[in-house]
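Down below is the structure, laid out as structure tokens.
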Amino acid sequence: MNLFDIKGNVTVITGGTGVLGRAIAKYLACNGAKVIILGRKEDVGSEIVKEIESVKPEGSIEFMKTNVLDRATVEKNCADIVSKYGKVDTLLNAAGGNMPGATIAPDKNFFDLDPEQFEKVLTLNLTGTVIPTQVFLTPMVAQGKGSIINFSSMSAFRPLTRVCGYSAAKAGISNFTAYMATECARKFGEGIRVNAIAPGFFLTEQNRSLLTNPDGSYTQRGQDVIRQTPFGRMGKPEELCGTIHYLMSEASKFVTGTVAIVDGGFNVLAM
């Protein structure tokens, strides 16, 4: 018996058009999963599908346009997926983001925080995880089995400077993960597991300008991150795939409510 076998696993990835989502989708499809990317950018989604299909994956890949804050749209996505594949095995809640007004620059202070943008960041990250979880949990409950994997962050463990709204939202994701693990196990059975992954620092569209200069060198903040990371480098997107593979497979059958850290040691270094 191969505990890590994910062939035929119907995997839904929200926010799948980002740097991390793209790498994860490619890895899972190449290992036999039937991957459905949900995102807002149809052009990017189509490009990702073509890229992955070009390597002739053992599994499959497709894109569906969505809005994780619009329940009706997410429900339509779910209905279309269940109609085509008959089930949903894994939900990876990777949708999220930040906004300038929800951050506090070095030359600003707490009074410069924009409450409206703070609320939008909370909504995008936290509610944008709750709605897809409600929707895709429904077929999982019906089939008595499923794995939900949320995206937390290093900022959920320690409130990183500047990213006030994002840190609050990701702390909420970790708490929601723990809550849902108990909720699902007690009310729907041990077949449904809820965990999270907490990446360290990986370069994405969202943070690239914050961590690197136009010439590719690190900004002061980027240098601070490297100094705090024992591995002495940023993570590579594909380095998240092994942990996700584990959490969605039978190898983690007795694992729920955890937040798996993939950070090159960032969270354990005290200076």
Side-chain angles (χ1 to χ4, degrees), residues 6 8-16 20-21 24-25 28 33-40 59 62-96 122-153 156 169-198 243-260:
I6 58 171
N9 188 295
V10 178
T11 306
V12 178
I13 306 177
T14 70
L20 303 183
I24 293 165
L28 296 178
K34 299 180 184 299
V35 181
I36 303 94
I37 295 173
L38 302 185
R40 293 176 298 172
E62 69 175 288
F63 171 82
M64 288 185 181
K65 190 172 183 178
T66 198
N67 176 355
V68 293
L69 298 178
D70 184 344
R71 185 183 182 92
T73 300
V74 179
E75 287 178 338
K76 178 64 165 56
N77 296 144
C78 184
D80 290 343
I81 291 168
V82 172
S83 175
K84 182 174 181 177
Y85 297 101
K87 61 175 183 172
V88 175
D89 295 303
T90 302
L91 169 65
L92 181 58
N93 281 310
L122 288 180
T123 300
L124 174 59
N125 289 277
L126 191 49
T127 309
T129 293
V130 171
I131 291 175
T133 297
Q134 279 190 320
V135 172
F136 286 100
L137 178 61
T138 301
M140 291 181 182
V141 170
Q143 65 204 31
K145 185 178 181 181
S147 175
I148 297 172
I149 306 170
N150 299 322
F151 252 65
S152 185
S153 167
K170 290 302 186 180
I173 291 290
S174 291
N175 187 280
F176 175 67
T177 298
Y179 175 84
M180 285 302 297
T182 299
E183 179 76 2
C184 289
R186 287 187 168 180
K187 296 181 180 177
F188 309 126
E190 66 178 61
I192 298 174
R193 300 177 293 106
V194 186
N195 294 288
I197 185 169
T243 301
I244 288 172
H245 188 150
Y246 164 71
L247 289 175
M248 62 189 284
S249 73
E250 290 291 298
S252 59
K253 193 174 181 179
F254 200 53
V255 179
T256 196
T258 65
V259 179

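Proximity of a side-chain donor or acceptor of Thr256 to a complementary backbone N or O of Arg193 within less than 3.5 Å is not detected. Glu75 places no side-chain N or O within 3.5 Å of a backbone atom of Val135 that could act as its donor or acceptor partner. Remark: side-chain polar atoms of Asn195 are paired, donor with acceptor, to backbone N or O of Val255 under 3.5 angstrom. A donor-acceptor pair under 3.5 Å links the side-chain atoms of Ser147 to the main chain of Leu247, judged by distance alone. Counting only distance, with no hydrogens or angles, the side chain of Thr11 and the backbone of Lys34 share no donor-acceptor pair below 3.5 Å. For Ser249 (side chain) and Tyr246 (main-chain N/O), a donor-acceptor pair under 3.5 Å exists by modelled atom type.
Checked against side-chain contact (heavy atoms from CB on, under 4.5 Å), Lys84 has the following partners two or more places apart in sequence or in another chain: Glu62. A search for side chain to side chain donor-acceptor pair (under 3.5 Å) contacts involving Lys87 returns Asp89, not counting sequence neighbours.
For CZ of Arg71, the number of neighbouring non-hydrogen atoms (other residues, nucleotides, ligands) closer than 6.0 Å is greater than 12. No more than 12 heavy-atom neighbours from other residues, nucleotides or ligands sit within 6.0 angstrom of CD on Glu190.
Residues Thr73 and Asn67 have side chains that never bring a donor and an acceptor to within less than 3.5 angstrom of each other. Side-chain N/O atoms of Asn150 and Thr129 include no donor and acceptor closer than 3.5 Å.
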